[in-house]
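This structure is a prediction, so every number in the text was calculated from the model and none was measured. All heavy atoms count here, side chains included; hydrogens, waters and symmetry mates do not. Each ligand, and each atom within it, is numbered from 1 in the order the structure gives.
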Amino acid sequence: MEEPAPEPVVKAPAEKPAEKPKDVEIHQTLDGDKKEEKPVANKITVGHVHMSGCTGCLVSLADNYEGLFKILDDYADLVYCLTLADVRHIPEMDVALVEGSVCLQDETSVREIKETRERAKVVVALGGCAAYGNITRFCRGGQWNQPQHESYVPIGDLIDVDVVIPSCPPGAESIRNVCVMAYLLLQGTDEQKELAAAYLKPLMDLAKRGTEACGCDLMYDVINQGLCMGCGTCAASCPVRAITMEYGRPAIDRDMCIKCGACYAQCPRSFFNFDVINQFEGIMEAIDGAMGKGGE
Ligand code: SF4
Ligand code: SF4
C-alpha cells in the first residue's frame, strides 16, 4: 500500500512590521527622550474654566471615555484646564466651558469670569451652577475661613453667555455633542454649519431666557400654559428626584429642588424646537460620523 502524501507545510506569512503613521514626527530632546508630535490641522481651542463648582461637570466630560480622546485627537485642543493641565492664566480660546457660579466677594473669581468673556469666542455655561446658580443659590456665608463669601451668582449675571448646558451634572453626551457641534460650526462645511446651528439654537435660546431655574418653571411655563402632556420626562431628568408624577402631572417637592434647570430644559413642551426636530437624523448622523460610529 502506498504511503499517503505528506501534508503540505503551510507557512504563515511573514508578519509585516508595524509602520509609524506618516503624520507622526519624532523629535529627540536634549536629554535623550523621544517625543512624538502629531500635527492636526484646524482643531478648535477649548478651555475649561473652573469657578465655584465641584468639578462634577468636568468629570461628566471625562465620562465620554474614548469619545473624549477622539475629540482631543481630532477636533479640539484643550488649552486651559487647571485640573488637567499646567496653564496658569486664561488664554485666548474658541470655546470656554465654564463650570460653577461666581462668588461676588472673591475678586479673583469676578476678574477671571470677565477675562474669560474677553478671551473666548463662545462662552458655554456648563452645568446648573454656571447657568442658574444651582446649589450655590442657597449659600448665605458665615462659614470659616471666609465668612464674608456669601453671594454666588450664575455667570450670566456678570457676562454674556452664548450657550447653556443645564443639569447637575450635564450628561456626558450633551457636553460631547456641544463640543462636536462647536467644531462643525467653526470648521465644517456649509451643510455641517447649518446642522450645528440647528442643534445649538435651543441651548442658545436657553442662555437668552435668563439665569433663574427651578422646578416651578414647569408649573408656570408648561402646566399652567396647558402644554403638559404628562410624559414624565421632567421626573426622569431630575437628579434629586424632586418630581413625582401624580394623576398624570408632575408634582414638585420644592424643598428638594436644587435649581439645576434640567426638568424645564428636558421637557418636550418647553422650547420645542422645529430646527432640531426637522433635522434630527442629519444631526445624529453628523455626530455619529464625527465620533466614528459607522459614519466614517
Ligand atoms: S425640580 Fe429637579 S430637575 Fe427641576 S430644577 Fe429642581 S432639581 Fe433640577
Ligand atoms: S416633561 Fe413637560 S410635558 Fe412631560 S410631564 Fe413634565 S412638564 Fe409635562
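Across Val164, Ile165, Val124, Leu97, a single residue satisfies side chain to side chain contact (heavy atoms under 4.5 Å, CB included) together with Pro170, and that is Ile165. Evaluated for a salt bridge (Lys or Arg N to Asp or Glu O under 4.0 Å) with Asp162, the options Lys208, Lys121, Arg117 yield exactly one hit, Arg117.
At a 4.0 Å heavy-atom cut-off, ligand 1 does not touch Asp217 at all. At a heavy-atom distance under 4.0 Å, no atom of Gln266 approaches ligand 2. Looking at Val240 against ligand 1, only its side chain comes within 4.0 Å, counting heavy atoms. In Cys168, neither the side chain nor the backbone holds a heavy atom less than 4.0 Å from any atom of ligand 1.
Within the model, atoms OH of Tyr183 and CG of Asp94 stand 11.5 Å from one another, a figure rounded to the nearest 0.5 Å. The CZ atom of Arg119 sits 9.5 Å away from atom OH of Tyr80, with the distance rounded to the nearest 0.5 Å. The structure places CD1 of Ile90 at 9.5 Å from CD of Glu118, a figure rounded to the nearest 0.5 Å. One distance of note links CD of Glu99 with NE2 of His48; it measures 4.0 Å at 0.5 Å rounding. In this structure, Ser174 OG and Gln266 CD are separated by 8.0 Å, a value rounded to the nearest 0.5 Å. Here CG of Asp73 is found 11.5 Å from CD of Glu66. Values are rounded to the nearest 0.5 Å.
The ligand atoms of ligand 1 that sit less than 4.0 angstrom from a heavy atom of Cys260 are 3 (S), 5 (S), 7 (S), 8 (Fe). Distances below 4.0 Å separate heavy atoms of Gly230 from the following atoms of ligand 2: 5 (S), 8 (Fe). Counting atoms of ligand 1 from 1 in the listed order, those under 4.0 Å from a heavy atom of Ile243 are 1 (S). Ligand-side atoms of ligand 1 in range of Cys263: 1 (S), 3 (S), 4 (Fe), 5 (S), range being under 4.0 angstrom from any heavy atom. Against a heavy-atom cut-off of under 4.0 Å, Gly261 is close to the following atoms of ligand 1: 5 (S), 8 (Fe). Near Thr233, the atoms of ligand 2 lying under 4.0 angstrom from a non-hydrogen atom of the residue are 1 (S). Those atoms of ligand 2 with a heavy atom of Pro268 less than 4.0 angstrom away are 1 (S).
Remark: minimum distance from atom 6 (Fe) of ligand 1 to any protein heavy atom is reached at Cys257 SG, 2.4 Å. Here the heavy atom of the protein found nearest to atom 3 (S) of ligand 2 is Met229 N, 3.4 Å. Residue, atom and distance of the protein heavy atom nearest to atom 7 (S) of ligand 1 are Ile258 N, 3.3 Å. Of the protein's non-hydrogen atoms, the one nearest atom 8 (Fe) of ligand 2 is Cys228 SG, 2.4 Å. Nearest protein heavy-atom contact of atom 4 (Fe) of ligand 2 is Cys231 SG, 2.3 Å.
Within 6.0 Å of the CD atom in Gln225, the count of heavy atoms belonging to other residues, nucleotides or ligands exceeds 12. Heavy-atom contacts from other residues, nucleotides or ligands closer than 6.0 Å to CD of Glu115 number more than 12. Heavy atoms of other residues, nucleotides or ligands lying less than 6.0 angstrom from CZ of Phe69 number 12 at most.
Using a 4.0 Å cutoff on heavy atoms, Cys214 counts as a contact of ligand 1. In this structure, Met245 has a heavy atom closer than 4.0 Å to ligand 2. Within the structure, ligand 2 lacks Ala235 among the residues with a heavy atom less than 4.0 angstrom away.
Backbone or side-chain N, O or S atoms of Cys238 do not reach atom 6 (Fe) of ligand 1 at under 2.8 Å. At least one N, O or S atom of Cys234, from either the backbone or the side chain, sits less than 2.8 Å from atom 6 (Fe) of ligand 2. Taking backbone and side chain together, Cys267 holds an N, O or S atom under 2.8 Å from atom 2 (Fe) of ligand 2.
Closest approach of Gly171 to Ser60, counting heavy atoms only: C-OG, 3.7 Å.
Between the side chain of Ser101 and the backbone N or O of Tyr152 there is no donor-acceptor pair closer than 3.5 Å.
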